[in-house]
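Step one of this worksheet: look at the structure below.
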Amino acid sequence: MADEKKLTTRKEDFSAWYNEVVLRAELADYSPVRGCMVIRPNGYGIWERMQRALDDMFKATGHQNAYFPIFIPESFLHKEAEHVEGFAPQLAVVTHGGGKKLEEPLVVRPTSETIIYAMFAKWVQSHRDLPLLINQWANVVRWEMRTRLFLRTLEFLWQEGHTAHATHDEAEEEARRMLGVYRDFMEAWIAMPVVTGLKSDSEKFAGALRTYACEAMMQDNKAVQAGTSHNLGQGFSKAFDLKFQAESGNLEYAWNTSWGTTTRMIGAMVMTHGDDNGVVIPPLLAPIEVVIVPIYRSDDERAQVLEKAHAIMSSVHEWERRRPGRLRVHLDDRDGVKPGAKYYEWELKGIPLRLEIGPRDLAKNQGVLVRRDTREKRPVNLDTLGEDLSDALIKMQDDMLVAARERREANSIRGKITYDKFREVMDGDGAFVYAGWCGGRACEDAIKDETKATIRVLPDEEFRSAEAPKTCLKCGKEATAEALWAKAY
RNA sequence: CGGGACGUAGCGCAGUCCGGUAGCGCACCUGAAUGGGGUUCAGGGGGUCGCGGGUUCAAAUCCCGCCGUCCCGACCA
């Protein structure tokens with residue numbers, strides 16, 4: 001009976017485990033529209049916290065929010081040849097409006113480069129108008145063949161930054177700077193370590209000069225691309241006539257960047273930290289950080305325990321000592337639900353800390369504090385509770401990042417590896433494999449065909465092996481780069 | 001679009017082979033007791049059996065067609 005309530009174990013079927021966690025933790029639902037999902041309040045609360053944190057980081061780097069239309073004239077996409085070629089198969093197109101056939105079809109934005117740079121062209125005249133740093137929070141549509149909750153849906157929520165600069169180098173710096181912002185966010189807030197680096201040409205954004213990405217490892221050792229940043233060069237500015245008069249007096253085309261990250265991060269969070277009891281939300285992202293579960297056997301005890309619980313709740317504002325903002329505390333005072341049932345429910349939903357208080361505790365002026373990630377239980381003094389909770393949340397946030405990083409490193413292979421061994425690893429549990437690469441598309445494609453593994457990124461210096469492989473993993477020729485190989489979502 | 005599985009109450013399923021007018025668990029509502037790791041008992045509400053057609057006295061069940069979903073590939077954040 002109890003077994004029925006257990007989640008599918010991850011080793012048997014990670015996909016099934018993931019779906020079950022997402023659905024049962026009430027993060028999302030399948031929508032009546034094929035390939036779409038409905039984000040439930042629990043899931044949206046996490047997204048809101050991600051959004052707020054990222055938005056602050058964007059503001060701090062000088063970006064402003066704006067909003068552009070969901071419909072883009074089809075001709076706009078055709079102005080940049082590579083871009084339309086890349087996105088054409090994934091477009092949703094509106095052909096009718098107000099009961100009449102439209103003269104020109106409207107594309108539901110799959111990304112907003114074209115309409116945004118069309119507007120930028122009107123806004124920019126002088127080098128003094130640059131850099132132009134804009135971000136938009138929006139939903140976009142890509143007609144994917146296969147979809148998956150949070151990770152790949154037809155419609156998804158994201159943030160897309162778009163900038164224009166006077167020189168290539170400034171654009172390049174911006175693209176790399178925003179990649180760094182993503183990495184900081186993912187490590188500090190999601191407690192999810194990422195490998196950053198350059199994408200190979202085959203995985204480059206359609207229309208970009210260079211694409212950078214953050215790659216995170218999930219518990220089935222597959223990679224998730226959690227955020228990307230592109231140096232778009234001058235392709236779009238030439239297509240949309242985005243010109244400015246330089247100090248020299250000459251008219252020059254601007255250099256663009258774009259960068260985005262999505263609700264996919266919620267999926268990545270689930271697959272990074274979740275366990276067989278459900279989601280584990282890093283404290284900074286948890287809509288509720290602490291849930292108080294009162295325990296009582298009689299009306300008298302109930303009154304007593306709840307009074308104390310309310311006292312704790314109302315002293316929340318005094319607990320701001322070591323952290324910004326208020327502690328987000330919820331008292332689960334539902335009658336008729338046994339404490340054990342409440343424990344399981346809040347664990348499934350991933351609430352970081354649980355405080356149990358019952359008559360036995362009150363007698364000792366203490367409570368029992370339980371950590372979601374380690375399930376470690378310990379008594380805490382109710383007089384110093386605020387401090388204790390703050391410290392525990394900070395520690396949990398840090399520990400989760402360390403644990404995730406250790407797990408990733410334990411499943412990473414650096415240095416020499418034969419191709420046979422590589423195939424064996426990819427056929428089995430998978431891994432992050434850092435291996436030499438000659439830069440040839442033929443090798444890349446052959447490896448993908450034979451192992452399903454792809455180049456996630458050509459990693460930044462700090463992720464490169466001390467003794468980087470000298471030869472290509474596949475053909476044995478001299479290596480021109482070290483690539484991070486993994487199977488990906 | 002190829003290969004598999006499936007569509008019956010909010011969710012998970014049984015019933016389909018062998019036709020007889022719909023059931024189980026969870027959830028939900030009412031009442032009482034219970035309460036330190038998934039409570040118990042009693043009562044109750046809820047279903048055009050994916051859609052359309054056919055066979056039959058009678059279809060969730062058999063036949064034909066369609067639609068949709070999930071998983072595995074190709075595509076992708």
Side-chain angles (χ1 to χ4, degrees), chain A residues 1-8 13-16 18-20 23-24 26 29-36 86-91 110-111 139-160 182 199 202-206 211 213-216 223-230 258-268 277-278 293-299 301-302 305 333-348 354-363 366-368 370 375 377 379 448-449 452 454 456 487-489:
Chain A
M1 193 82 93
D3 286 343
E4 278 175 33
K5 301 195 171 182
K6 276 266 174 200
L7 294 163
T8 313
D13 185 348
F14 193 75
S15 290
Y18 172 78
N19 272 328
E20 219 177 322
L23 293 168
R24 288 193 20 206
E26 296 173 8
D29 258 317
Y30 291 110
S31 126
V33 182
R34 190 198 80 85
C36 291
F87 280 103
Q90 290 179 262
L91 297 179
T111 176
N139 52 348
V140 292
V141 169
R142 297 181 186 178
W143 214 263
E144 303 289 351
M145 292 167 186
R146 235 180 111 214
T147 60
R148 201 142 149 46
L149 291 171
F150 285 118
L151 297 182
R152 192 174 302 104
T153 44
L154 292 195
E155 179 189 345
F156 58 91
L157 273 172
W158 78 346
Q159 147 283 312
E160 51 180 323
Y182 285 150
K199 282 283 182 189
S202 61
E203 301 240 338
K204 198 178 69 176
F205 176 76
T211 290
C214 299
E215 296 283 336
V224 163
Q225 181 177 317
T228 52
S229 179
H230 318 287
S258 70
W259 25 276
T261 192
T262 79
T263 46
R264 166 179 261 207
M265 285 188 292
I266 298 172
N277 295 302
V293 178
I295 296 151
Y296 43 81
R297 276 175 306 250
S298 63
D299 285 352
E301 282 182 359
R302 181 177 183 279
V305 169
D333 58 359
R334 287 173 299 172
D335 277 323
V337 182
K338 289 180 77 167
K342 292 178 180 176
Y343 300 165
Y344 279 98
E345 185 177 327
W346 293 111
E347 281 175 5
L348 178 65
R354 177 175 75 239
L355 180 67
E356 310 171 2
I357 44 172
R360 294 212 294 267
D361 299 311
L362 284 192
Q366 68 169 36
V368 176
V370 188
R375 302 184 96 204
K377 276 189 179 192
K448 185 176 181 183
D449 283 350
K452 309 286 180 218
T454 52
R456 302 321 305 152
K487 289 203 259 190
Y489 275 97

Rounded interatomic separation in angstrom, taking CD1 from A/I295 and C1' from B/U34: 14 Å
Using heavy-atom distances to pick each residue's nearest nucleotide on RNA chain B, tell me which of A/E215 and A/D335 is more 5'. A/D335
Mind checking who B/G35 pairs with, Watson-Crick or G-U wobble, both distances under 3.5 Å? none
Is A/N19 touching bases, backbone alone, or none of the nucleic acid, heavy atoms closer than 4.0 Å? sugar-phosphate
What integer distance in Å separates A/R152:CZ from B/C75:P? 11 Å
Interatomic distance, A/F14 CZ vs B/C70 C1' [rounded to whole Å]: 18 Å
Any residue meeting salt bridge (Lys or Arg N to Asp or Glu O under 4.0 Å) with A/R360, in chain and number order, not counting sequence neighbours: none
Is the base of B/G37 touched by the side chain of A/E347 through a donor-acceptor pair closer than 3.5 angstrom? yes
So for A/R334 and B/G35, does any side-chain atom that can act as donor or acceptor lie under 3.5 Å from a complementary atom in the base? no
Protein N or O to nucleotides 8-11 of chain B N or O, pairs below 3.5 Å:
none

For B/G12 versus B/A58, give the span between their P atoms, rounded off to a whole number of Å. 34 Å
Say whether, by atom type as modelled, one donor and one acceptor occur between the side chain of A/T211 and the main chain of A/F205 under 3.5 angstrom. yes
A/W158 and A/V140: which non-hydrogen atoms are nearest, and at how many Å? NE1-CG1, 3.3 Å
Hey, is the side chain of A/N277 poking within less than 4.0 Å of OP1 or OP2 on B/G38, counting only N and O atoms? no
Tell me if the side-chain of A/K377 makes a donor-acceptor pair with the base of B/G36, cut-off 3.5 Å, by modelled atom types. no
Remember a base hit wins even if backbone is also touched, and classify A/L23 as base, sugar-phosphate or nothing at under 4.0 Å, heavy atoms. nothing
Does A/V370 or A/F156 map to a spot on RNA chain B nearer the 5' end, using the closest nucleotide for each? A/V370
A/D361 side-chain N/O to A/G358 backbone N/O, donor-acceptor pair under 3.5 Å: yes
Just N and O in the side chain of A/K448: are any of them under 4.0 Å from OP1 or OP2 of B/C76? no
Opposite nucleotide pairing with B/C17, Watson-Crick or G-U, both atom distances under 3.5 Å: none
Hey, does A/T228 reach any base, or is it just sugar-phosphate, or nothing, if we go heavy atoms under 4.0 Å? nothing
Which residues share a salt bridge (Lys or Arg N to Asp or Glu O under 4.0 Å) with A/K204, sequence neighbours left out: none
Side-chain atoms of A/K452 come closest, of B/G36, B/G73, B/C76, to B/G73
Just by modelled atom types, is the A/A226 backbone N or O under 3.5 Å from a matching donor or acceptor in the A/T261 side chain? yes
Under 4.0 angstrom, heavy atoms only, what part of the nucleic acid is A/Q225 near: base, sugar-phosphate, or nothing? sugar-phosphate
So what does A/G336 touch, heavy atoms closer than 4.0 Å: a base, only the sugar-phosphate, or nothing? base
Does A/D335, at its CG atom, have more than 12 non-hydrogen atoms belonging to other residues, nucleotides or ligands within less than 6.0 Å? yes
Heavy atoms from C-beta onward define the side chain here; which of B/G37, B/C70, B/G38 lies closest to that of A/R354? B/G37
Taking only residues two or more places apart in sequence or in another chain, which ones pass salt bridge (Lys or Arg N to Asp or Glu O under 4.0 Å) with A/E203? A/K199, A/R456
In whole angstroms, the gap separating P of B/U34 from OH of A/Y296 amounts to 13 Å
Atom CZ of A/R24 and atom P of B/G25: how far apart are they, to the nearest Å? 19 Å
P gap between B/G54 and B/C70, integer Å: 32 Å
Roughly how far apart, to the nearest Å, are B/C24 and B/G45 at atom P? 13 Å
Between B/G52 and B/C67, how far apart are the two P atoms, rounded to whole Å? 15 Å
Counting side-chain heavy atoms from CB outward, which of B/G73, B/G37, B/C70 is closest to A/T147? B/C70
Using the P atom as the point on both nucleotides, what is the distance between B/A32 and B/A14, in whole Å? 38 Å
Using a heavy-atom cut-off of 4.0 Å across all strands, would you classify A/T261 as base, sugar-phosphate, or nothing? nothing
For A/V368, report the nucleic acid contact type (base, sugar-phosphate, nothing); a contact means any heavy atom under 4.0 Å. base
Residues in ring-ring contact (aromatic ring centres under 6.0 Å, His included) with A/Y296, at least two apart? none
Could you tell me the separation between the CD1 atom of A/I357 and the C1' atom of B/G35, rounded to a whole number of Å? 15 Å
Aromatic rings A/F14 and A/Y489: how do their planes relate, parallel, tilted or perpendicular, breaks at 30° and 60°? tilted
Could you check how far CD of A/E345 sits from P of B/G38, rounded to whole Å? 15 Å
Between P of B/G38 and CZ of A/R375, the distance in whole Å: 12 Å
The side chain of A/R360 lies closest to which of these nucleotides: B/C76, B/G36, B/G37? B/G36
In whole Å, measure the gap between the C1' atoms of B/G46 and B/G37 for me. 32 Å
Return the pairing partner of B/A59 with a 3.5 Å limit on both distances, Watson-Crick or G-U wobble; otherwise return none. none
Sugar-phosphate only, base, or nothing, as touched by A/V224 at under 4.0 Å among non-hydrogen atoms: nothing
Base, sugar-phosphate, or nothing for A/T153, non-hydrogen atoms under 4.0 angstrom? base
Quote, to the nearest angstrom, the C1' distance that separates B/U34 from B/U39. 6 Å
Going by salt bridge (Lys or Arg N to Asp or Glu O under 4.0 Å), name the residues that satisfy it together with A/E155, two or more places apart in sequence or in a different chain. none
May I ask which nucleotide in the shown strands pairs with B/U30, Watson-Crick or G-U wobble, both distances under 3.5 Å? B/A42
Taking the C1' atom in each of B/G50 and B/C6, what is the distance between them to the nearest angstrom? 11 Å
Between B/G37, B/C76, B/G36, which one does the side chain of A/P339 approach most closely? B/G36
Return the nearest nucleotide to the side chain of A/R142; candidates are B/C76, B/U39, B/G35. B/C76
Can you tell me the Watson-Crick or wobble partner of B/C66, both distances under 3.5 angstrom? B/G50
Please report the closest heavy-atom contact between A/L348 and A/R24, naming both atoms and the distance. CD2-O, 3.3 Å
Is A/Y344 stacked on the base of B/G38, with ring centres under 5.5 Å apart and planes under 30° apart? yes
